[in-house]
Amino acid sequence: MSGGAAQGLSRRAVVAGAVAGLAGWGWPRHGGSAAERTGPTPIAAPRDPVTHDIAFLARERPTRILGADGPTVPLWSYAETPFPILRARVGDRIRATLENGLAEHTSIHWHGIRLPNAMDGVQHVTQSPVGPGERFTYDFTVPDTGSFFFHPHCNESGQVGHGLAGLLIVEGDERRRPDAELVLAVKDWRLDEAGRFLPFVTAAGASRAGSFGTVRSVNGKRRESFEAPAGALVRVRLYNLDATRVLDVGATGGPAAVIAADGTRIDPVPLDRTGRETWRLGPGMRADILLRMPAAGRTVELVDYRGAELWTIATLTAVKSGTPPRRFDPDILLPARYPAPDLGKAERLPFVFQAASASIAAFEAEFPPGDPLAAMLLDSLCVGGEAYWSINKSSWPTGDHRALPPPLAELVTGKSYVFELTNATPHPHPVHLHGHIFRVVASSSAEQPLVAGDTVLLGPRDRTEIAFVAAPGAWMLHCHVLEHLETGMMGWLRVA
Ligand code: C2O
Ligand code: CU
């Protein structure tokens, strides 16, 4: 499959098993004829699961991301284009070999997908780091549909900051087909004017809301624009891949509704005055939005309303089509398949996200100042030099830092849990649980929709409850502001 951005209307989306470049646009691959696309269509015929054999080579690939005459930026990526898309169908097997062409160790964590713990890609916890020149093969079956992604799990602010991330889209959730699909991955870059990377971690950022990027981008570009047939239904898979930034996404110019949160079906929520006018996405979170194109010549815009200045994520222009407009009924997805927690029997566990009580300066004090061994040990444990944050008063890592800290909690496989998450800070924290899909069952904030997901945004001082059925393994629980998880706001759960 070619890696270039393909935006032609006639382009078919990625063939099973291939890795595409960040091709935003494509007819769903089970597309059918134009006539079939004008009305509700039956569920696509199930097919036998297939195995997707993928090779990723993580390395530096200098890329122009600031326009044709801009500087070349030393991006890190898994494939020839940034943010490759791996598409599978629910039930398929993924066999992805990571080859490390970087000068530091890495891994691939599959964010949001339920998988065997040994495939979760967390250095020192579920696997040994993949050193420079080494390989590791991830092999798992995808049990859920949705919009997932993948990224390394050590020096995340640096590796993801350089661009190392990809998207995993698992198809098979459409009861009725939209006419087209658009993938939008939003991420800021920390670049100076010459196109050099700025430090990814700053004390001021890490100890507060995080260090913001200097250049906004979508799909690695400054802006995206597309054309789609007038009256067509378009499914947008919107990813917040940023390390820091919270988005408030709205749509103008046509009816639109959020149909999935973190890839999992929700009861559709209109993005207008009858529902929510905007949808909030913390770092690591995704929303699938269904929208209908207006009359030919008009546009739909997806806009981030959160910043002081509005930012247009993408513009879709309607072009003439030979078919009448589709009816706007956003309830197009099949029910999700993740195990439903039993709220009556669930055990409740509190988790308080707050500033660190102790710093790891004590650890560094064991070594002469500037001792490379101290730096090496810190690096090998995937921690920063400072601990600003904690979960239940424990900062990652704790104790003598040379071994895995004790788990935040011990859970039992198959049992239901309610986690009471309290944000005792004045900053937002998107809290991510590995290897599970949870339901948000209560929140002190009216801002917090009670939906499914793998990452939940805790606003300042919020108290939010999530419920799930525990799967076996060692699973990380952390804030997805990358500087926060690297400065203490991370822990793990042991599920036996
Ligand atoms: Cu996307 Cu542990 O993270
Ligand atoms: Cu945080």
Side-chain angles (χ1 to χ4, degrees), residues 76 104 109 122-124 151-165 187-192 196-216 240-247 282-285 306-307 351-365 370 374-398 401 405 408 421 423-432 455 457-461 476-492:
W76 295 2
E104 62 190 67
H109 163 57
V122 181
Q123 290 106 314
H124 304 295
H151 59 78
H153 219 279
C154 183
N155 182 19
E156 279 192 62
S157 51
Q159 295 194 358
V160 180
H162 275 92
L164 203 55
K187 179 185 172 347
D188 297 359
W189 303 95
R190 283 185 53 76
L191 291 169
D192 69 12
R196 286 176 304 233
F197 282 110
L198 295 163
F200 297 106
V201 180
T202 65
S207 62
R208 298 189 185 88
S211 303
F212 286 82
T214 54
V215 181
R216 303 199 67 174
N240 184 352
L241 294 189
D242 197 51
T244 306
R245 185 183 289 280
V246 176
L247 308 173
M285 297 170 74
R306 180 146 175 119
F351 294 88
V352 179
F353 294 75
Q354 62 188 136
S357 41
S359 122
I360 61 172
F363 164 69
E364 290 170 299
M376 221 180 71
L377 282 172
L378 283 171
D379 176 62
S380 72
L381 285 168
C382 305
V383 296
E386 300 288 338
Y388 297 117
W389 305 104
S390 67
I391 304 175
N392 284 354
K393 299 221 164 92
S394 140
S395 293
W396 180 273
T398 61
H401 318 288
L408 291 170
L421 310 173
N423 178 359
T425 82
H427 306 291
H429 300 287
V431 174
H432 173 47
T455 308
L457 186 65
L458 300 187
R461 291 173 199 91
M476 308 306 289
L477 176 72
H478 63 80
C479 175
H480 221 281
V481 170
L482 302 183
E483 284 166 287
H484 289 176
L485 76 89
E486 288 172 348
T487 55
M489 202 174 264
M490 176 156 76
W492 66 287

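Along the sequence shown, residues carry numbers from 1. Being a predicted model, the structure only gives us computed values, none of them experimental.
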- Message: Ring centroids only, cut at 6.0 angstrom: are His478 and Trp396 within range, meaning strictly under it?
- Response: no
- Message: Strictly distance-based, threshold 3.5 Å: is any side-chain N or O of Thr455 a donor or acceptor partner for the main-chain N or O of Val431?
- Response: no
- Item | Non-hydrogen side-chain atoms of Gln159 and His151 separated by less than 4.5 Å | no
- Could you label the plane-to-plane angle of the Trp389 and His484 rings as parallel, tilted or perpendicular, counting under 30° as parallel and over 60° as perpendicular? tilted
- Gap separating the CD1 atom of Ile391 from the CE atom of Met490, nearest 0.5 angstrom: 8.5 Å
- Query: Leu241 and Ala165: which non-hydrogen atoms are nearest, and at how many Å?
  - Reply: CD1-CB, 4.5 Å
- Task: Quick one: list whatever passes side chain to side chain contact (heavy atoms under 4.5 Å, CB included) with Thr244, sequence neighbours left out.
- Result: Phe212, Asp242, Glu483
- With rounding to the nearest 0.5 Å, note down the distance linking CG in Leu485 to CG in Leu477. 11.0 Å
- Looking at side-chain heavy atoms only, is the closest gap between Leu482 and Pro283 below 4.5 Å? no
- Task: Could I get the full list of side chain to side chain contact (heavy atoms under 4.5 Å, CB included) partners for Arg461, not counting sequence neighbours?
- Result: Pro426
- Looking only at heavy atoms, which two atoms of Pro428 and Leu457 are closest? And how far apart? CB-CD1, 4.1 Å
- Met285 vs His480, side-chain contact (heavy atoms from CB on, under 4.5 Å): CA-CA, chis, key distance, verdict: CA-CA 9 Å; Met285 297 170 74; His480 221 281; over 6 Å; no
- Query: Is there a side-chain contact (heavy atoms from CB on, under 4.5 Å) between Arg245 and Arg216 once you walk through the steps?
  - Reply: CA-CA 10 Å; Arg245 185 183 289 280; Arg216 303 199 67 174; 3.0 Å; yes
- So, do Pro152 and Val160 sit near enough that their side-chain heavy atoms are less than 4.5 Å apart? yes
- Query: With side chains defined as the heavy atoms from C-beta onward, is the minimum distance between His109 and Glu156 less than 4.5 Å?
  - Reply: no
- Message: Is the ring pair Phe200/Phe197 parallel, tilted or perpendicular, if the boundaries are 30 and 60 degrees?
- Response: tilted
- Item | Exercise: identify the closest heavy-atom pair between Val201 and Ala206 | CG1-CB, 4.1 Å
- Note on the structure: Heavy-atom nearest pair, Thr214 first then Leu191, reads OG1-O, 2.6 Å
- Minimum heavy-atom distance Glu486-Ser157, with the two atoms named: OE1-OG, 2.5 Å
